[in-house]
Every structure is written in C-alpha cells, then in structure tokens.
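Note sheet for the following structure.
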Amino acid sequence: MHINNAVVLVTGANRGIGRAFVAELLARGAAKIYAAARDASSIVDDPRVVPVALDITNADAVADAASFAADVNVLINNAGITTFAPLVGGNLDDIRREMETNYFGTLAMVRAFAPALATNGGGSILNVSSAAAWLGLEHSNGYGASKAAVWAMTNALRVELSGQNTQVTGLYMASTDTDMIAAFDMSKNTPQAVVIAALDGLEAGELEVLADDETRTVKATLSADPVTTYPQAVRHIHTQAG
Ligand SMILES: NC(=O)c1ccc[n+]([C@@H]2O[C@H](COP(=O)([O-])OP(=O)(O)OC[C@H]3O[C@@H](n4cnc5c(N)ncnc54)[C@H](OP(=O)(O)O)[C@@H]3O)[C@@H](O)[C@H]2O)c1
C-alpha cells in the first residue's frame with residue numbers, strides 16, 4: 001500500500017495523533033486527505049486537505065461521510081477517548097462512552113467505508129488501538145477493554161475483508177504526548193514518531209504496528225503466565241486459600 005497518491009480519511013484529525021497523521025500523509029504525497037473531526041474548523045489548511053465534520057458515534061454523520069468521501073482507499077480510524085475509569089469503582093456511563101466511541105464508532109466507520117474500499121481496489125484500514133488493550137491497570141480499564149475490543153475487531157476484519165483485498169492493520173502504542181495524557185508526568189513518545197512507525201508499517205504491508213519498546217514488552221506478556229504479569233492477584237488467591 002503506497003501513501004503517495006492515496007486518498008485517505010483520518011478521524012480525530014484536528015489534534016494529537018490525528019493531526020500528526022495528516023502532516024505525515026501530506027509529506028508522503030497523499031493525493032487527498034479527508035480530515036474528519038467533530039470541530040472541523042481547526043483542521044490544518046492545505047489544498048489537499050478536505051475538512052469533514054464527523055462525530056463517529058453519529059450514524060447519520062458516518063453515512064454522510066461515506067457517501068461524500070467515496071474515493072477513499074485508506075481509512076485511518078484514529079478518533080478515541082479515555083475517561084480513565086476503573087471497571088468497578090468507575091462511572092458506568094463513562095465506561096459505556098469509551099466502548100461507544102472506541103469500539104462501536106470505529107466499527108461504524110469500517111462498515112460504512114468497506115464498500116468504497118472494495119470499489120477502490122481493496123485499500124487499507126488502520127485501526128488505532130493501544131497497549132492498554134493487553135494489560136490490566138489500577139485505572140483506565142474501561143478504556144483498556146474498549147481497545148481490546150478494537151484489537152479483536154481488527155483481527156476479525158482481516159478475515160472478513162480478505163475477499164475484497166483490504167489490508168487491515170492495527171496500531172498499538174503506550175504513552176504519546178497529546179492532550180489525552182497531558183495530566184500525566186511520564187516518559188512519552190511523540191505523535192510524529194508514532195505516525196511514522198504506523199505509516200511505515202502500513203506501506204510495508206504489516207498487519208500490526210507496535211510503536212514503542214513499552215508496547216513490545218506489554219505484548220510479550222500475552223504469552224506469559226498471568227501469574228508473572230499480575231503478582232498481586234496471586235497473593236490474594238493464596239491468602240484466601242489459607
Ligand atoms: N496518547 C496516548 O498516549 C495514546 C496511547 C495509545 C493509544 N492512543 C489512541 O490514539 C488515538 C488518538 O489519541 P490522541 O492521543 O491523539 O488523543 P487526543 O489528543 O485526546 O485526540 C483524540 C481525538 O479523537 C477525537 N474524537 C474523540 N471522540 C470522537 C468522536 N466521537 N467522533 C470523532 N472524533 C472524536 C477528538 O476530537 P475532539 O477534538 O472533537 O474531541 C480528537 O481529535 C486514540 O484512539 C487513542 O485512544 C493514544
């Protein structure tokens with residue numbers, strides 16, 4: 001999949017990683033970029049960039065976008081939210097909102113754009129998930145569950161869309177310097193580094209892009225015994241067993 005001359009739609013394109021996607025797509029020679037955002041007035045101003053007002057949780061807006069941008073051959077599902085809610089003590093409405101945006105919003109985009117991708121030769125989908133899909137934390141587990149759902153969806157779409165020749169790639173990263181985690185003082189990679197890794201992977205035909213070392217370490221825990229990954233749980237079980 002070449003970005004040069006591609007027609008791309010990016011969701012959540014007004015800030016953070018989505019905005020960095022638009023800049024890097026321009027640098028790689030994309031012919032046209034539909035830059036979708038709830039507030040399209042803050043989209044980068046460039047002759048190759050077409051601002052699109054789009055809330056991915058709004059079914060009518062998603063359908064309108066799919067008919068307006070029928071020439072798309074790369075769909076980048078970047079839009080997402082976190083409320084940092086834990087699963088037990090957190091507000092259930094927050095947890096539902098995360099699932100509604102990150103999972104159902106992304107799925108709605110895929111379902112709406114799959115026919116256009118087929119018409120345009122198959123093309124590519126890049127779904128932005130997170131290392132949080134693969135690790136339980138003290139907080140943000142509603143978000144993690146929604147990103148795990150995106151991971152599962154991404155795997156399944158490769159099978160469902162193989163007949164129409166659509167490449168489906170998942171992007172995973174740990175901590176990137178955007179508004180989303182601005183409140184946390186920690187080591188972060190840059191949005192630019194993440195999108196370079198993502199688009200390098202997409203162009204190379206990779207099905208999964210792990211954008212940093214922390215993410216590669218977390219992914220490796222999936223094949224480890226959970227006893228190693230969650231020692232605190234083992235302590236509790238042993239205490240209960242007496
Ligand atoms: N930053 C990290 O450390 C990190 C790590 C792993 C994965 N990610 C993922 O990377 C993606 C981009 O996040 P970011 O760090 O750039 O976050 P961000 O700075 O908070 O930006 C999130 C973007 O998503 C958009 N968005 C949220 N809900 C939407 C909706 N219903 N419809 C359309 N757009 C919506 C936002 O638009 P508005 O301006 O309208 O709110 C904004 O453009 C997300 O999927 C996030 O989960 C981020």
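Remember, it's 1-based here, ligands and their atoms both numbered in the order they're listed. Quantities reported herein were computed from a predicted structural model and do not represent experimental measurements.
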Would you list the atom pairs, donor with acceptor, under 3.5 Å between side chains in residues 84-94 and any protein atom, with sequence neighbours excluded?
unit_1: N91; atom_1: OD1; unit_2: D93; atom_2: N; d: 2.7
unit_1: D94; atom_1: OD1; unit_2: R97; atom_2: NH2; d: 3.3

Seminar exercise, completed: Sorted by chain and number, sequence neighbours left out, salt bridge (Lys or Arg N to Asp or Glu O under 4.0 Å) with D213 holds for R216
Problem set entry | Pairwise side chain to side chain donor-acceptor pair (under 3.5 Å) hits with a residue in residues 133-149, at least two apart | N102-S146
Exercise. Got the residues with a heavy atom under 4.0 Å of ligand 1, by chain and number?
Worked result: G12, N14, R15, G16, I17, R38, L54, D55, I56, T57, N78, A79, G80, I81, T101, V128, S129, S130, Y143, K147, M173, A174, S175, T176, T178, D179, M180, I181
Problem set entry | T11 side, atom OG1; I56 side, atom CD1 - distance, nearest 0.5 Å |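 One gets 5.5 Å once the value is rounded to the nearest 0.5 Å.
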Exercise. Nearest 0.5 Å, what's the CG-CG distance between L54 and L9?
Worked result: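 So the gap between those two atoms works out to 7.0 Å.
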Problem set entry | Side-chain donor-acceptor pair present, D212, T215, cut-off under 3.5 Å |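 A donor-acceptor contact under 3.5 Å links the two side chains.
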